[in-house]
Amino acid sequence: MIEVRDGVFFLQTRTTSYWFALTEHGHLEHLHYGPLLPPQDPSALRVKRTVEFGATVVYAPGEMEYGLDAIPLEYSGIGQGDYRMSPVEVFTTHGADTDFVYRDHRLLDGTVASAGLPIADGGEGVQTLEVTLADERAGLELALLYTVFPDVDVITRRAVLRNTGEGTAELAKLASLQLDLPDRGYTIRTFDGGWIHEAHAHDRPVTSGVFSTGSTTGASSARHNPGTLLFASDADEERGWAYGFNLVYSGNHATSFERDQHGSVRVMAGIQPQAFRWPLAPGEAFETPEAVLAFSDEGLNGLSDRMHRFVNGHITPAAQRGVPRPVVYNSWEAAFFEIDEKRLTAYARQAAKLGVELFVIDDGWFAGRADDTRALGDYTVDAKKFPAGMKALVDRVAKLGMRTGIWVEPEMVSEDSELYRAHPDWALRIPGKAAREGRHQQLLDLCNPAVRDYIVEQVGALIDDNGFSYVKWDMNRHMADAYSPHVAHPGMTAHAFQLGLYEVLERIFGPRPHVLLEMCSSGGNRFDLGMLRWAAMIWTSDDTDPIERLDIQQGMSYLYPQSVVSAHVSASPHQQTLRDTPLSTRFNVAAFGCLGYEYDLDFLTPEEKREITEQIAFYKQHRELLQFGRFRRIPSGRRERVMWQIGEGDAAIVGNFQRGVRAAPERDILPIAGLHPDAVYRVDAKPQRIMLDRLGALVNHVSPVRLDPNGLVMNVVSKRRSLPDGVESYHGTGELLAAGIKLEMQFSGTGHNPAVRMLGDFGSTLYTVVREDAT
Ligand code: GLA
C-alpha cells in the first residue's frame, strides 16, 4: 500500500514501512525503512536542523541550518552541499552540477513497464509510486520509481533520467538506488569468489569512508554477486534488523556503502560507472536496472525468506513459477566432449531406470566441437556423432519417459568457426587491436541487430526442430574488447550488450514458455535476478564437491531460493578437489536445490545404483518442500558443522553436514525451528547407506568372515553390499524440538550399532520432520 499525505510518502508492505518526505526546498528526505509503522505524523523521524554545523555549504542564502550534507536523501546530486558519493553524474553545459527537486508524483496500480530491461512482475496489491524531480537549469528530469510488493515485503526502485535541455547530456553514472540509513553498527555481507568457488560470504563492519563492490567482467560475475546485505550489530540468523539489496541486472554493477560524519550509511547500487558513458540527446531518457530492497527484523533467515518469496513469486518466468523442477541428468562431468549417440543412449537408458526426468546433452554435440577451441557459433548437429540426427535421440529419450535438453553458448563465437569466417565483424573487437583470448572464444556483438536476429533464429530453430524442452544457456568468458560500431559511444557497449541479450532471450523464450531455461556461466558467473526473469534455474557452480557446495549454496541461500539453485551429484574423488566424499553427502547437499546427476553411469556399482534410485525417489517425494519450502540456516557455532532446514509448520527436512570429524566428537544438537509449539512430530533420519570400502580394515568388525580390506573379495562385496547408516528416530513437540534434539552419538572407535552415526569426514544426514498428530 502507498499513501501520500501532506508531503509524506508512506510505502507499506505486510511487515515493513519505507517513508520519505518533502523538505521545504523540495528535496526528498528519507525518514524510515524498517518495521511496519502505521502512517502518522513523522516529525519525530526527521533529522533535526536546530543548529548550524561548521564547514557546511548551505543550500539557500540565510538558511544556515539547511545543509544537504546532513540530510538523509532519497536521491542526491552534485554541487549543492552534499559531499557524499552521488548517485548521478551527468555532464551538461553546467558541468556535473545537478540539483533535483520535486515536481510531481503519481500513484499507479501494478508495475511500470521498462524499455528493454527486465523488471519484476506485479501481482496482488502491487503499486508503483513515481516521483518526478527536475533540475530546470541543467535541463534534466529525474523520475524515481518505487514499486511496493506487499505480500513478499519487498520494495523495488528505479531511476529514469531524461534530457529536457537543448544540448546533449553525457551520463557517466546513474544509480538505481540510494538509501541513507542511520547506522546501527552495521555489518556488510557480500558474496564473492570466482570460478568453482562462488558466493562465499564475507563480512566487514561499516566504517568511515566508502566500501564498494561490483563487477567489471561484462556479467554480474562470480567475483562479487550483485546481492548484498547489511545487518545490525545485534542481528543473527533469527533476530535483529537486516537489509538485503539486489539488482535485476546481469551486467557490470556496483554497490557501495558509505558512512558519513553524521552517522548515516549511504547505500547505492546500480550499473558499474567504470567505462560507462551514455550520451542523451535532447528528449532522450536513460533508465536504470531495477534495484530490490528487503528488510526484516527477524534476522538473516527472515530476510532470506522475503527475498526467496520475491524471486519465486515475481522474478522467475511466470510459466515456471511454482512448477517443480525436474530431476536432471547432464552429460558434462560424465563424458565432457566425448559424447555420441551410442554413449548417450546408454546413459539415457540407465538414467531413466534411476528415475531421472530430464536428460541433458551438454557441450560437444555440434559439428567440429571436439574441444573448446572451435565451432562456437555453428550449432549444426555433428552427423558423425549423431548419424540418425538429434531428433531421433530426443524421440528415443522420450520413449524412455524423459524430456531432453541441450547445451548452447549463443553469445560466443570461436575464431575457428563457419560463423566467424563469414562474419568476423560480428565479434566485439577494438579496431586495430588483436582480440584478447578467453577460452579460445570471443563475445558476439549483441549491440548489432543482425547478430541478435541470427541467435534468435538459430536457437529457436534448434529447439523447435528437435523438440527440446530445456536449454542450458552458457557464457564462458568475460567481456574484453568492449567496442561496438553499433552504439553511439564506446562507453555504451557493455550495457547495450545486456539490452541486446535481454531482447534475444525474450524473443526466444517469450514465445516458448514451456521451455525450461537453465542459465550457466562457467558455473555461477552470472547468477542474478536479471537472468532469472527468463531462467527458472541457474547452474550454481562447476564445483560439485559437496563440501565446497556447502559454502557456495549457503552463500546463494541468503538471496536466492532453492528452486533456482541447480545442484548435481557427481563422481568421487571429485574432479577439482580430489576430495573423496560419501554418495549420501553428495545427494544430501544437492537435495537443497534442483537435483541432478553428472556421472558416468556406465561405471556405477549395483550398490550405487540402488542408493541413487532411492535418493531420486526421496527427492521426488519431498520435492515441493525441498524446492519451495521456507529455508533456514541453523547456526551451529562451529565451522565444521552446517545445518540447513527447509519447511516449517507441518513438515520440514533438516540437513546436518560435517565438514571434518574430530576424535571423540562433541555432542551434536539439532534445533528445528518454525514448528507448531504444541503439535507432536516424528523426526527420522533418511535411510542411507555406507559403502563397505569406506570402512577399510574396520570391515572385519562387522563381517562374519575375515576380509582383506584391499583384496578382491572386499572389492566385489563392497559393490554389492552396504551397511545402513545411522538409523535414528526422535519425537517431541514443536517447542521441544526447537530447543534442540541431542542426536545419537557419532562413531568414535569404541563400537558400532545401527544407531551410531558413522559420519567421519564429510558425513551428513537428512532428517524428515513430520507432524504425527496431523489429520
Ligand atoms: C562450462 C559450464 C559447464 C559445461 C561446460 C561445457 O564450463 O559451466 O557446466 O557446460 O562449460 O563446455
Side-chain angles (χ1 to χ4, degrees), residues 193-199 217-223 225 250 328-340 343-344 347 358-379 382 385 404-417 437-443 459 462 468 470-478 516-528 531 535 537-545 548-549 552-553 556 564-571 574-577 586 590 593-600:
W195 178 64
I196 67 174
H197 62 124
E198 294 85 346
T217 65
S220 51
S221 100
R223 290 157 187 247
N225 193 277
S250 316
V328 167
Y329 177 78
N330 179 297
S331 64
W332 181 244
E333 282 193 42
F336 298 103
F337 293 98
E338 308 291 313
I339 51 171
D340 58 33
R343 191 162 177 185
L344 290 181
Y347 285 157
L358 177 70
F359 186 77
V360 178
I361 303 164
D362 209 285
D363 201 354
W365 60 267
F366 45 97
R369 189 67 173 167
D371 53 38
D372 66 6
T373 62
R374 66 198 93 222
L376 287 178
D378 309 337
Y379 298 103
D382 186 329
K385 290 181 172 179
T404 308
I406 194 79
W407 178 96
V408 280
E409 196 177 351
E411 295 153 79
M412 299 289 164
V413 63
S414 311
E415 263 197 44
D416 184 1
S417 68
E437 284 274 286
R439 215 196 186 202
H440 318 284
Q441 62 199 52
Q442 296 173 33
L443 267 97
V459 178
L462 179 70
F468 292 121
Y470 161 107
V471 170
K472 178 177 171 189
W473 181 297
D474 212 339
M475 194 267 198
N476 283 317
R477 72 154 289 180
H478 299 328
L516 181 61
L517 175 63
E518 175 168 2
M519 227 2 112
C520 173
S521 177
S522 305
N525 189 47
R526 199 162 59 179
F527 203 116
D528 61 63
M531 287 293 113
M537 52 207 220
I538 301 181
W539 182 227
T540 317
S541 177
D542 276 355
D543 192 341
T544 46
D545 175 325
E548 298 298 311
R549 279 280 181 142
I552 296 168
Q553 289 178 211
M556 293 298 184
V564 305
V565 171
S566 192
H568 294 179
V569 175
S570 66
H574 189 256
Q575 58 147 347
Q576 286 134 5
T577 59
R586 283 174 266 154
C594 306
L595 180 69
Y597 288 78
E598 293 201 25
Y599 225 118
D600 192 337

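Atoms within each ligand, like the ligands themselves, are counted from 1 in listed order.
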May I ask you to check whether [X] and [Y] show a side-chain donor-acceptor distance below 3.5 Å?
X	Y	value
E409	Q441	yes
Q575	S570	no
H440	S414	no

Among N330, V408, L517, I406, side-chain contact (heavy atoms from CB on, under 4.5 Å) partner for K472
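Going through the options one by one, the only one that passes is N330.
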Quick one: sort the W407 and F366 rings into parallel, tilted or perpendicular, breaks at 30° and 60°.
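Rings of W407 and F366: parallel, under 30°.
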For a quick check: using heavy atoms under 4.0 Å, what are the residues in contact with ligand 1, sorted by chain and number?
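Contacts of ligand 1 under 4.0 Å: W332, D362, D363, W407, R439, K472, D474, N476, C520, S522, G523, W539, D542.
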Is the NZ or CZ atom of R343 both under 6.0 Å from the centre of the six-membered ring of W332 and within 45° of that ring's axis?
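Because its charged atom misses either the 6.0 Å distance or the 45° angle limit, R343 does not stack over W332.
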